[in-house]
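For the numbers below, each heavy atom of this structure counts, side chains included, while hydrogens, waters and symmetry mates do not.
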Amino acid sequence: MDKMPKWADVILIPLISLILAAILSTLVILAIGENPIEAVNLMVTGALGSTYGWGYTLYYATNFMFTGLAVAVAFHARLFNIGGEGQAMLGGLGVAMVCLYVPWPHWSIALLAAMAAGMLFGAAWAAIPAYLQAKRGSHIVITTIMFNFIAAALLNYMLVNVMRPAGSQDPATARFAEAVHLPTLHEMLAPIGINFSKAAPANISLIIAVIACIVVWALIWRTRLGYEIRAYGHSETGAVYAGISPVRITIVAMLISGALAGLMAINNVMGEAERLVLNSTEGAGFIGIAVALMGRSHPFGVFLAAILFGFLYQGGAELALWTSIPRELIVVIQALVILFTGALDNMVRMPLEKLFLALRKEAN
């Protein structure tokens, strides 16, 4: 019998963790001499008070959905994929190659090819750590961290020495042809009479991210492969006894994880920058870890957590612009959220379990 209801695990624990993180964040803001109420008001107004703010919030959230799903799939197989950043970088390389070197007649066809290329490059970059873990026993955390640095070095080499246009000093590719520019939310909503900001970078990738959440849910909870991944994650010995191959599950789960991380590039590379630039991922691969932790590795939870972190990113940018609160404070707030939803999860969980056990005994 579970120690507490499912709703408490999925909703109550993350909510209490968020409240604790908010209290500590308030104390930090007070310590630097700012008004926390004004700071929260500015964050909410800047991130949610206009279609421009919503556009950036949803743009960041789209990135975090892809990387959060990537980490969540690996989590279900008891694999800690910290390589989402590098896999997203290589996904961007694949997307850029497809968009630059193929003369596409329409963005819709280019998008399908870019999705395939981003997933292929991301999966390929995850395949080597997966093989090393499955066949050689190398720890997935160590190898994926190393591959983040290798991906950054490889991307830097490609942008400086191979893909940079002649005469340009900027370590970036040329801009993609107009035919492959993705429609923004402004262009998608205008025909139905909704006036959305033209300047906001949110685009059709948001819809693809939501579809990805649904597909991952169906994969993990409605397919045989998903059952095998979860069974292996719960008990390796039990899975082996049931005939599930640890090598196959490790490699397959990491390939899916890497493909999801690489898919992020359709948003930041093809959708927003419309070219490949250095550091295009902006740490989204690491934020995906927090998103997966907070979302309890469930696609719906990942969706909600991604929007929260999108709000923090955009609201933090507004804080840095209009107050003396440094941009780094938002990193502190994010770290507190990660701390309470991840490392200090038991600090909230254990008292709640005792409370629900006591209530159950009284009811009996």
Do P246 and V240 have side-chain heavy atoms sitting under 4.5 Å apart? yes

At what distance, to the nearest 0.5 angstrom, does CG of L189 lie from OG of S197? 11.5 Å

Looking at CE of M97 and OG1 of T173, how far apart are the two atoms once the value is rounded to the nearest 0.5 Å? 10.5 Å

Any R164 side-chain heavy atom under 4.5 Å of P171 side chain: no

Minimum heavy-atom distance A39-L319, with the two atoms named: O-CD2, 3.6 Å

Any sub-3.5 Å donor-acceptor pair from N203's side-chain atoms to L182's backbone N or O? no

Identify whether I229 and Y241 are in the same connected component of the hydrophobic contact network (ILVMFWY, side-chain heavy atoms under 4.5 Å). no

Nearest heavy atoms of G55 and A202, plus distance in Å: O-CB, 3.2 Å

Report yes or no: does W217 contribute a side-chain atom to a donor-acceptor pair with the main-chain N or O of P299 at less than 3.5 Å? no

So how far is it from R275 CZ to R175 CZ, rounded to the nearest 0.5 Å? 5.0 Å

With rounding to the nearest 0.5 angstrom, report the CG to CZ distance, L69 to F64. 13.5 Å

F75 versus F80: any side-chain heavy-atom pair under 4.5 Å? yes

Chi angles and distances behind the side chain to side chain contact (heavy atoms under 4.5 Å, CB included) call for L90, L155: CA-CA 7 Å; L90 268 290; L155 187 62; 5.7 Å; no

Any side-chain heavy-atom pair of V98 and W104 under 4.5 Å: yes

With distance as the sole test, does S280 use its side chain to make a donor-acceptor pair with the main-chain N or O of L276 at under 3.5 Å? no

Does the ring centre of Y313 sit less than 6.0 Å away from the ring centre of F309? no

Enter the distance from M89:CE to L278:CG here, rounded to the nearest 0.5 Å. 8.0 Å

Should the heavy atoms of other residues, nucleotides or ligands under 6.0 Å from CZ of F196 be counted, would the total exceed 12? yes

Assess the residue pair H186 and T184 against the criterion (side-chain hydrogen bond (donor to acceptor under 3.5 Å, both in side chains)); give the C-alpha distance rounded to whole Å, side-chain angles, the decisive distance to 0.1 Å, and a yes or no. CA-CA 5 Å; H186 166 77; T184 63; 5.9 Å; no

Can you name the nearest heavy-atom pair linking A114 to M270, along with the distance? CB-SD, 3.6 Å

Hey, can you pull the donor-acceptor pairs under 3.5 Å for the side chains in residues 219-226, sequence neighbours left out?
residue : atom : partner : partner atom : Å
T223    : OG1  : L219    : O            : 2.4
T223    : OG1  : G226    : N            : 3.0
R224    : NE   : E228    : OE2          : 3.4

Among I249, I128, V73, T144, find the residue that satisfies the side-chain contact (heavy atoms from CB on, under 4.5 Å) test when tested with M254. T144

Are more than 12 heavy atoms, taken from residues, nucleotides or ligands other than I37, located less than 6.0 Å from that residue's CD1 atom? no

Just do the side chain to side chain contact (heavy atoms under 4.5 Å, CB included) check on R360 and L357 with the steps written out, would you? CA-CA 5 Å; R360 191 174 294 158; L357 282 173; 4.2 Å; yes

What pair of heavy atoms forms the shortest contact from P165 to A174, and how long is it? CG-N, 3.5 Å

I'd like to know whether N268 forms a side-chain hydrogen bond (donor to acceptor under 3.5 Å, both in side chains) with N63, so could you lay out the CA-CA distance, the side-chain angles of the two residues, the decisive distance to 0.1 Å, and finally the verdict. CA-CA 7 Å; N268 64 326; N63 287 338; 5.3 Å; no

With a 4.5 Å cut-off on side-chain heavy atoms, are T281 and M264 touching? yes

Passes side chain to side chain contact (heavy atoms under 4.5 Å, CB included), W54 versus L185? Steps please. CA-CA 10 Å; W54 266 108; L185 284 190; over 6 Å; no

Does V210 share a hydrophobic cluster with V302, counting links as ILVMFWY side-chain heavy atoms below 4.5 Å and allowing steps through other members? yes

If I compare all heavy atoms of T62 with all of L58, which pair ends up nearest, and what's the gap? OG1-O, 2.7 Å

Indicate if V180 and L112 have the same hydrophobic cluster label, given that clusters are the connected sets of ILVMFWY residues with side-chain heavy-atom separations under 4.5 angstrom. no

Show the numbers, then the answer: is there a side-chain hydrogen bond (donor to acceptor under 3.5 Å, both in side chains) between Q314 and T57? CA-CA 6 Å; Q314 174 57 16; T57 298; 5.6 Å; no

Verify same cluster id: L304, I287 (apolar side-chain graph, 4.5 Å): yes

Atom CE of M350 with >12 non-hydrogen neighbours under 6.0 angstrom: no

Would you confirm whether N267, through its side chain, and L206, through its main-chain N or O, come within 3.5 Å as a donor-acceptor pair? no

Nearest heavy-atom pair of A126 and Q87: which atoms, and what distance? CB-NE2, 3.6 Å

Flag for T250-Q133: side-chain donor and acceptor within less than 3.5 Å: no

State yes or no: do V40 and I23 share one hydrophobic cluster built from I, L, V, M, F, W and Y residues joined by side-chain heavy-atom distances below 4.5 Å, directly or via other members? no

Between V291 and L308, is any pair of side-chain heavy atoms under 4.5 Å apart? no

Is there a side-chain contact between T26 and I29 in this structure, where contact means two heavy atoms from C-beta onward sitting under 4.5 Å apart? no

Roughly how far apart are N81 CG and T67 OG1, rounded to 0.5 Å? 10.5 Å

Would you say the side-chain atoms of H181 pair up with the backbone N or O of F176, donor to acceptor, closer than 3.5 Å? yes

Set out, in order, the CA-CA distance, both residues' side-chain angles and the distance that settles ring-ring contact (aromatic ring centres under 6.0 Å, His included) for W125 and F147, then state yes or no. CA-CA 8 Å; W125 203 246; F147 268 66; 5.1 Å; yes

Within the structure provided, determine whether M43 and E318 are in side-chain contact (heavy-atom separation under 4.5 Å). no

Ring-plane angle category for Y60 and Y56, please: parallel below 30°, perpendicular beyond 60°, tilted otherwise. tilted

Could you walk me through whether I208 and F66 pass the side chain to side chain contact (heavy atoms under 4.5 Å, CB included) test, one step at a time? CA-CA 9 Å; I208 297 170; F66 286 124; 4.1 Å; yes

